Amino acid sequence: MRALVYHGPGAKAWEEVPKPEIITDTDAIVRVDTTTICGTDLHILKGDVPVVTDGRILGHEAVGTVESVGSGVKTVRPGDRVLVSCVTVCGTCRFCREGHSGQCLGGGGWIFGYKIDGTQAEYVRVPFADTSTYRLPSGVPDENTLMLADILPTGYEVGVLNGGVRPGDVVAIVGAGPVGLSAIMGARLFSPSHIVAIDLADSRLEAAKQFGADITVNNLTDDPREVIRSLTTGGIGADVAIEAVGTPATFELAVELSRPGGRIANIGVHGEPATLHLEQQWIRNITITTGLVDAYTTPTLLRLVTSGQIEAGRFITHRFALDEFDQAYDVFARAGETGALKVVLSR
Ligand SMILES: NC(=O)c1ccc[n+]([C@@H]2O[C@H](COP(=O)([O-])OP(=O)(O)OC[C@H]3O[C@@H](n4cnc5c(N)ncnc54)[C@H](O)[C@@H]3O)[C@@H](O)[C@H]2O)c1
Ligand SMILES: [Zn+2]
Ligand SMILES: [Zn+2]
């Protein structure tokens, strides 16, 4: 089969590799029908994620058709159309039993395109297939359900639910990439009074409006602190501030935007230390949460995508054939110019 193989920083190739086989009786082999690229794949390609070594097949999101299953697989059958989530669930360890499979101790968690071969391929081996795949209803396009593999649960769980968004809240979302936009969509489900999206790129702010932000702020030219003050009685700040960028400046901004007793939900992956100004914050009763996506909300989000309450198709800006990874990575990596949100590659 063909797959997109990582060959060290800056090097990848769509090349012939052995087709995956069942190794453990709880595995399934899934034919990849649709896959996509994540910002994390760009980090890996830059060499920022040294766990990923030469020869690894990239990718951690897919929708596909089950081709074969091990003797221990009970709930999925060859021919089933399934979502392959970025989080693999062993189902039996302490964290999986508590719904925190991102921290799985039994060999799951985020492993595709990282610790094991990933989904940017014609076929993928899926460990713990019963608990790590989701059978898909008919009538919803594959590319829409593909958005459930990573960005929708990430924005919803790590942003909206960790941040405890409630009806009437003022919600500030720093960063309007695919993950920040997912948080906007998820926050809308709770009827906040205002969602304020903050980004440096006007194209992303335009997308934020379409995804349901009430107010957008370009923090190159305008001060989001002023905007949030003007929206809140007494200028107290946002009930919930969601960080969806991953830089010290945006984390510190999210903290500043929150009201006393407010909640700051960090989603961004950080590569360097950020300052928590405890000398100012100790008195403000704030709650800060962090997290890796667990994907425990996938069944809920699948129902919302199926019913159309979450319009997952909005994320898809570009479409390619499965062998056009070079073009797809190029378009995705130049999102500022191309306006790319999610690019999908399909058979
Ligand atoms: N916690 C998790 O489980 C998890 C899962 C997936 C992704 N992530 C992380 O979430 C973050 C967002 O992901 P994404 O795919 O949307 O990324 P992205 O790079 O597409 O989007 C980031 C956005 O932030 C904006 N931005 C950059 N600097 C800014 C600044 N100073 N002020 C305001 N806006 C700024 C950019 O213009 C861009 O629109 C990344 O750090 C990603 O690694 C975390
Ligand atoms: Zn991802
Ligand atoms: Zn587990």
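Small disclaimer: the values here were computed from a predicted structure and weren't measured. Order of listing sets the numbers, starting from 1, for every ligand and every atom in it.
Among all non-hydrogen protein atoms, the one lying nearest atom 12 (C) of ligand 1 is Ala244 O, 3.2 Å. Atom 41 (O) of ligand 1 has its closest protein heavy atom at Val245 O, 2.8 Å. With hydrogens left out, the protein atom closest to atom 13 (O) of ligand 1 is Val179 CG2, 3.5 Å, a heavy atom. Counting only heavy atoms of the protein, atom 5 (C) of ligand 1 lies nearest to Thr154 CG2, 3.3 Å. For atom 19 (O) of ligand 1, the nearest protein heavy atom (residue, atom name, distance) is Arg204 NH1, 4.7 Å. Protein heavy atom at the shortest distance from atom 42 (C) of ligand 1 is Val269 CG2, 4.1 Å. Of all protein heavy atoms, the one closest to atom 3 (O) of ligand 1 is Val293 N, 2.9 Å.
The shell of residues lying under 4.0 angstrom from ligand 1, judged by heavy atoms, excludes Ala249.
Numbered from 1 in the order shown, with element, the atoms of ligand 1 that lie under 4.0 Å from a heavy atom of Thr250 read 29 (C), 30 (C), 31 (N), 32 (N). For ligand 1, the atoms sitting less than 4.0 Å from at least one non-hydrogen atom of Gly175 are 24 (O), numbered in the order shown with element in parentheses. For ligand 1, the atoms closer than 4.0 angstrom to any heavy atom of Leu292 are 3 (O). Listed by atom number, the atoms of ligand 1 under 4.0 Å from Gly291 heavy atoms are 1 (N), 2 (C), 3 (O). With ligand atoms numbered from 1 in the order given, ligand 1 contributes 16 (O), 20 (O), 21 (O), 23 (C), 39 (O) to contacts under 4.0 Å with heavy atoms of Gly177.
Counting only protein N, O or S atoms, the number found under 2.8 Å from the Zn ion (ligand 3) is 4. Excluding waters, the count of protein N/O/S atoms less than 2.8 Å from the Zn ion (ligand 2) comes to 3.
Membership of the apolar cluster around Ile116 extends to Val30, Val32, Val66, Val69, Val73, Val76, Val82, Val84, Ile111, Phe112, Val124, Val126, as traced through chained side-chain contacts below 4.5 Å between ILVMFWY residues.
Side chains of Thr297 and Glu157: a donor on one and an acceptor on the other come within 3.5 Å.
Where the criterion is an N or O separation shorter than 3.5 Å, residue side chain and backbone included, Gly39 fails it with respect to ligand 1. On a distance-only criterion, His43 and ligand 1 share no N/O pair closer than 3.5 Å.
Between atom 37 (O) of ligand 1 and the options Leu200, Asp199, Ile151, the minimum heavy-atom separation is to Asp199.
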Please tabulate, for the side chains in residues 289-296, all donor-acceptor contacts under 3.5 angstrom to protein atoms that are two or more places apart in sequence or on a different chain.
unit_1: Asp294; atom_1: OD1; unit_2: Ser101; atom_2: N; d: 3.4
unit_1: Asp294; atom_1: OD1; unit_2: Gly102; atom_2: N; d: 2.8
unit_1: Asp294; atom_1: OD2; unit_2: His100; atom_2: ND1; d: 2.9

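The cationic group of Lys19 lies under 6.0 Å from the six-membered ring centre of Tyr123 and within 45° of the ring axis, placing it in a cation-pi geometry.
The presence of a protein heavy atom under 4.0 Å from atom 17 (O) of ligand 1 is ruled out.
Ring pair Phe325/Tyr329 is tilted by interplanar angle, where 30° to 60° counts as tilted.
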